[in-house]
Amino acid sequence: MPSNDARTLLHTAVPTAAVGALATVISGVVAGGKGALGAVVGTAVVILFMGIGLVVLQRTAKKLPQLFQAMGLMLYVAQLLVLFIFLALLKDTSAFDFKAFAFTLLATTIVWVAAQARAYMKAKIMYVDPENTGPKS
């Protein structure tokens, strides 16, 4: 993974994991062990799905740059749909506290998207290939 890609992944995953850890502590205090487990599962789901999406988006940008914006929009819609499907499938679970899971899923998703937007704005990625001005052989 090139350094810009790794840096973007780092700048999005670390704040998301920090918010997930905070949500785990809060959920543990409010809802006990099942709440903490729900927050951990929610954080893991977001980091996994959003991380996979980021890798797919970066590979698309390298291979088919003309599809980058359309792919990004489609990918975000697909990710949100998958997260809603997770919410629908797990709403009656007794393995962990669903409210802690849902609120953590929401909070970490918002943090991931905001951190990813910030990482792309701060990245110094050339959008024009400079011409070679060196001596011709």
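If you're wondering where the values come from, they're calculated on a predicted model, not measured in any experiment. Computation of the quantities below employed the complete heavy-atom set of this structure, encompassing side-chain atoms and omitting hydrogens, waters and symmetry-equivalent molecules.
- With rounding to the nearest 0.5 Å, the separation of OG1 in T12 from CH2 in W112 is 3.5 Å.
- The two residues S27 and A39 make their nearest non-hydrogen contact at OG-CB, 3.8 Å.
- Both L9 and L57 are members of a single hydrophobic cluster when ILVMFWY side chains are connected at heavy-atom separations under 4.5 Å.
- As a member of the Ile/Leu/Val/Met/Phe/Trp/Tyr network built from side-chain separations under 4.5 Å, V25 groups with nothing else and remains a singleton.
- Hydrophobic cluster membership for I110: L106 (Ile, Leu, Val, Met, Phe, Trp, Tyr linked by side-chain heavy atoms under 4.5 Å, directly or transitively).
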Pair up each side-chain donor or acceptor in residues 64-81 with any protein partner under 3.5 Å, not counting sequence neighbours, and list the distances.
residue, atom, partner, partner atom, Å
Y76, OH, Q116, OE1, 2.9
Y76, OH, Q116, NE2, 3.0
Q79, NE2, F49, O, 3.2

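- Qualifying side chain to side chain contact (heavy atoms under 4.5 Å, CB included) partners for V14, counting only residues two or more places apart in sequence or in other chains: L10.
- Counting Ile, Leu, Val, Met, Phe, Trp and Tyr side chains that sit under 4.5 Å apart, directly or through other members, V29 stands alone, with no cluster partners.
- Applying the ring pair (Phe, Tyr, Trp, His ring centres under 6.0 Å) test to residues at least two apart or on different chains, none of the pairs has a partner in residues 8-47.
- With sequence neighbours excluded, the residues satisfying side chain to side chain contact (heavy atoms under 4.5 Å, CB included) with V40 are T24.
- Screening residues 100-110 for side chain to side chain donor-acceptor pair (under 3.5 Å) gives no qualifying pairs among residues at least two apart or on separate chains.
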Worked verdict on Q58 versus T8 for side chain to side chain contact (heavy atoms under 4.5 Å, CB included): CA-CA 10 Å; Q58 289 170 340; T8 301; 3.7 Å; yes
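- L22 and V113 are not part of a single hydrophobic cluster, where members link through side-chain heavy atoms under 4.5 Å apart.
- Hydrophobic cluster membership is shared by V56 and L83, with clusters built from Ile, Leu, Val, Met, Phe, Trp and Tyr side chains linked at under 4.5 angstrom.
- Members clustered with V19: V111, by chain and number, using a 4.5 Å side-chain heavy-atom cutoff among hydrophobic residues.
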Distance-only criterion, 3.5 Å: show the donor-acceptor pairs between side-chain atoms of residues 89-103 and protein atoms not counting sequence neighbours.
residue, atom, partner, partner atom, Å
T93, OG1, A95, N, 3.2
D97, OD2, A100, N, 3.1

